[in-house]
Amino acid sequence: MASSECCANPPTLNPVYGKGQVVEDFGGLKAYITGSPESKLAIILISDVFGYEAPLLRNLADKVSTSGYFVLVPDFFHGDPATPEIVKNSIDEWIKKHNIPKGFEEAKQVIEVLKERGFSAIGAAGFCWGGKVVVELAKYDYINAVVSLHPGPLTHDDIREVKCPISNFPYLEQRRTLSALLRSLSSLLKFSHLNLRFIAM
């Protein structure tokens, strides 16, 4: 759920970074938002364990918004992101507190608010911890497409249950199992509702 590659270079968090703004309540979560709220296209970016104040993540949100999207980066950790010390000494305990099912349920609330505000298409991209959350979202009719970047370990059942287009960008360690996973899932690729892409980074 938090790979060594993801945690090797922790960001220096900056709560005021970015061209957008932070709102106190978006579906029950604090969130960084950027782009035009008049857009009908929304993208949710879900962070790795270091949270929504990472400058590179907010920079990505700002860049994506220039293509006409309303982009939001929610604080799924409620002001309690992992730190290098936590990663080194107590990441398992931290993960228990900020688990994937909880993130999935909170993401559904964010999506519901977006739909209430009239967004007609909603996508999500997640990194590491967030990569696993977006795969969970892809199993239901909550969202139109997802991108999962170096996610937590994926299983056959994860992919078998996907209902929307999904792209997966695994980290280096996952390349060893990628070919085997694709071979075992080859029978799924014929179904039109699945648009699977696995790209090794």
Side-chain angles (χ1 to χ4, degrees), residues 1-2 6 10-84 86-87 94-95 97-152 164 166:
M1 226 58 78
C6 293
T12 300
L13 302 183
N14 185 344
V16 298
Y17 187 89
K19 298 177 181 178
Q21 62 179 313
V22 173
V23 295
E24 293 297 322
D25 186 351
F26 200 109
L29 299 176
K30 201 172 183 178
Y32 175 79
I33 62 173
T34 184
S36 173
E38 303 303 318
S39 173
K40 297 300 181 183
L41 308 175
I43 294 179
I44 306 167
L45 296 184
I46 305 181
S47 72
D48 59 19
V49 297
F50 297 113
Y52 88 125
E53 293 180 354
L56 286 179
L57 183 61
R58 291 190 177 186
N59 188 49
L60 176 61
D62 290 337
K63 287 186 176 180
V64 171
S65 73
T66 63
S67 295
Y69 297 97
F70 175 76
V71 186
L72 66 156
V73 188
D75 178 15
F76 286 98
F77 308 137
H78 301 272
D80 182 37
T83 63
I86 287 174
V87 168
W94 187 91
I95 289 291
K97 181 179 179 182
H98 303 290
N99 56 68
I100 299 301
K102 180 181 178 184
F104 167 68
E105 292 298 327
E106 292 183 331
K108 288 196 300 182
Q109 297 173 24
V110 171
I111 292 169
E112 187 61 33
V113 172
L114 288 170
K115 291 181 176 179
E116 289 174 357
R117 296 188 181 186
F119 288 92
S120 58
I122 302 170
F127 301 81
C128 196
W129 182 93
K132 185 68 172 177
V133 173
V134 299
V135 171
E136 292 300 311
L137 290 173
K139 297 177 184 179
Y140 302 89
D141 296 323
Y142 302 129
I143 206 158
N144 298 98
V146 304
V147 179
S148 181
L149 299 103
H150 45 94
C164 72
I166 178 172

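Treat the numbers as computed from the prediction; the structure is a model and nothing was measured.
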Which atom pairs, one a donor and one an acceptor, fall under 3.5 Å between side chains of residues 63-72 and the rest of the protein, sequence neighbours left out?
| residue | atom | partner | partner atom | Å |
| --- | --- | --- | --- | --- |
| S65 | OG | D62 | O | 2.6 |
| T66 | OG1 | K63 | O | 2.5 |

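- Between L57 and G51, the closest heavy-atom pair is CD2-O, 4.0 Å.
- Screening K97, H98, E106, K30 for a side-chain hydrogen bond (donor to acceptor under 3.5 Å, both in side chains) involving H78 leaves a single residue, E106.
- The nearest pair of heavy atoms linking I100 to V133 is CD1-CG2, 3.9 Å.
- Considering only heavy atoms from C-beta on, P11 stays 4.5 Å or farther from L56 through its side chain.
- Here the CG-CG distance, from L137 to N144, works out to 11.5 Å after rounding to the nearest 0.5 Å.
- Using a cut-off of 4.0 Å between Lys/Arg side-chain N and Asp/Glu carboxylate O, E112 and K115 are scored as not salt-bridged.
- With contacts defined as side-chain heavy-atom distances shorter than 4.5 Å, the pair Y32/L45 does not qualify.
- For the pair V16 and N14, the minimum side-chain heavy-atom distance is below 4.5 Å.
- Relative ring orientation between F77 and W94 is described as perpendicular, the plane-to-plane angle rising above 60° on a 0-90° scale split at 30° and 60°.
- Using a 4.5 Å heavy-atom cutoff, the side chains of P10 and V87 are not in contact.
- For the pair F104/Y142, a side-chain contact is recorded, criterion being any heavy-atom separation below 4.5 Å from C-beta on.
- Looking only at distances, a side-chain donor or acceptor of R58 sits under 3.5 Å from a matching main-chain atom of Y17.
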Subject >> Verdict with supporting geometry, V22 and E53, side chain to side chain contact (heavy atoms under 4.5 Å, CB included) >> reply: CA-CA 10 Å; V22 173; E53 293 180 354; over 6 Å; no

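- Side chains of L114 and I44 form a contact here, defined as non-hydrogen atoms less than 4.5 Å apart.
- In this structure, the side chains of R117 and V113 come closer than 4.5 Å at one or more pairs of heavy atoms.
- Here the closest heavy-atom approach between residue G131 and residue S148 is recorded as O-OG, 2.9 Å.
- The side chain to side chain donor-acceptor pair (under 3.5 Å) test applied to N59 returns no partner, not counting sequence neighbours.
- Here the CG-CD1 distance, from L60 to I43, works out to 9.0 Å after rounding to the nearest 0.5 Å.
- For K102, the NZ atom counts as densely surrounded, since its 6.0 Å shell holds more than 12 non-hydrogen atoms of other residues, nucleotides or ligands.
- Side-chain contact check for F119 versus I111: every heavy-atom pair is 4.5 Å or farther apart.
- Take K108 and apply the salt bridge (charged side-chain N to carboxylate O under 4.0 Å, His left out) test, not counting sequence neighbours, and it matches E105.
- Taking both residues in full, the closest heavy atoms of P101 and N99 are given as CD-OD1, 3.2 Å, listed atom of the first, atom of the second, then distance.
- Taking the six-membered ring where tryptophan is involved, the planes of W129 and F76 are tilted, since the angle between them lies from 30° to 60°.
- In this structure, I46 and G130 approach most closely via the heavy-atom pair CG2-CA, 3.4 Å.
- The two residues V73 and A61 come nearest to each other via the heavy atoms CG2-CB, 3.9 Å.
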